[in-house]
Amino acid sequence: MATTEEIRAQLAELVNDVAGVPVEDVQLDKSFVDDLDVDSLAMVEIIVGCEEKFGVTIPDEESKNLKTVGDAVAYIEQHS
Amino acid sequence: MTLQPSTGAPHARISGLGSALPSRVVDNAEMCTYIDSSDEWIQQRTGIVERRWVAEGETVESLSLAAGRAALDHAGLTGADLDAVIVSTVSHMLQTPSLAAVIAAKIGTDGAAAFDIAAACAGFCYGLAQAESLVRSGAATHVLVIGAETLSNLTDLSDRSTAFLFSDGAGAAVVGPSDEPAMGPVVWGSDGGQADAITMSNPWPEALALGETSSIVMDGRAVFRWATGFIATAAERCLSAAGVRPDELDLFVPHQANNRITDAMLRHLHLPESVTVARTITHYGNNSAASIPVALCDMLASGEAKSGDLALLIGFGAGLVYAGQVVRLP
């Protein structure tokens, strides 16, 4: 079972790959939209990437609640 | 007696390509007189700088005919050489007769078989798959495949989530016999469970009863998710089915739906730098079934592509439906 930090680090790589956000900026308290400037299309791609990377299913209605990096990491921890 | 089976060519190839674009250029500045948006926002979300819409006198039929004639010229053939004409369109506003039958007559075939197919933005690749099968089965020697749309007639100019996307154009390919393999197996399918992801605002009788027209509506989020996940994987399957390694590929020509979808596919596919990627959406918008052949013609004309190149094509759209194959360019 991956630790919170390991999941955050892998997610940070994904966010960097998709949206060009520096890895070190992708911290648990950061909002994807407001702090990291991730737009809605990039967010969809990050969600699809998470599903592939972490083997979780993130339905659209759930993905809308993942506002911060911490929200996404918690969801992955609970569902992987 | 013995019933004679049909016998066809050992292989099929694309022998000619042609395209036709309408004359009216609609840039983002004009688009923003219809919708509350900005040039920067449209470019950032789609890559589109301008699109083409039909002007007075230009129709899905006139574009189809021009693209078809150009493809025949490129192939060194005439209409009389054709045994079948397939037109993929969702914007021919007569349900019957088919546009293909009209084109078959006007382009000078000697009564070639003709039919339309409705596979939206995957239509050109669906048509190529059918043409390839017809040539190899012996049902036809030369087939003209046309993807043609005037989506501007089906665009809701008050819908700020789609109005800037859709455009008009036509592209065509002649498919004929070959001694060497030049068209890989088609990878195709549908997901009607997502039929609502791209659909019409109303069935026509209901729209007309309301005194309205019907237009395309799209759940962009659902389509983006499907295209960047499932379709990117389908593109990989096209390569595997053809036995072509990414480093053997020259061109990647996905349906020009959105540059952001193309970007996401590329992150998934990890194609080498040597592969040239179609980006014709920038100047033509999303013209659905026409986008892939229009891109191929543009890339050949500009020198980005050359005769003999191996191209990975993948179309995807309303249905949802998709089809892709690896082809060698004429």
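Convention: sequence-line order gives letters A, B, ...; per-chain numbering from 1. On a predicted model such as this, the values are computed, not experimentally measured, just so you know.
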Checklist entry - If you take all heavy atoms of B:Phe224 and A:Leu41, which pair is closest and at what distance? => result CE2-O, 3.0 Å

Checklist entry - How would you list, by chain and number, every residue that makes a salt bridge (Lys or Arg N to Asp or Glu O under 4.0 Å) with B:Glu30, sequence neighbours excluded? => result B:Arg24

Dump the table of donor-acceptor contacts under 3.5 Å between chain B and chain A, or return none if there are none.
residue  : atom : partner : partner atom : Å
B:Gln44  : NE2  : A:Asp39 : OD2          : 3.0
B:Arg45  : NE   : A:Asp39 : OD2          : 3.3
B:Arg45  : NH1  : A:Ser40 : OG           : 3.1
B:Arg221 : NE   : A:Asp60 : OD1          : 3.3
B:Arg221 : NH2  : A:Ser63 : OG           : 2.6
B:Arg225 : NH1  : A:Ile58 : O            : 3.2
B:Arg225 : NH1  : A:Asp60 : OD1          : 3.0
B:Arg225 : NH2  : A:Glu51 : OE1          : 3.2
B:Arg225 : NH2  : A:Glu51 : OE2          : 2.6
B:Arg225 : NH2  : A:Ile58 : O            : 2.7
B:Arg260 : NH1  : A:Asp39 : OD2          : 2.9
B:Arg260 : NH2  : A:Asp39 : OD1          : 2.8
B:Arg260 : NH2  : A:Asp39 : OD2          : 3.2
B:Arg267 : NE   : A:Glu45 : OE2          : 2.8
B:Arg267 : NH2  : A:Glu45 : OE1          : 2.7
B:Arg267 : NH2  : A:Glu45 : OE2          : 3.1

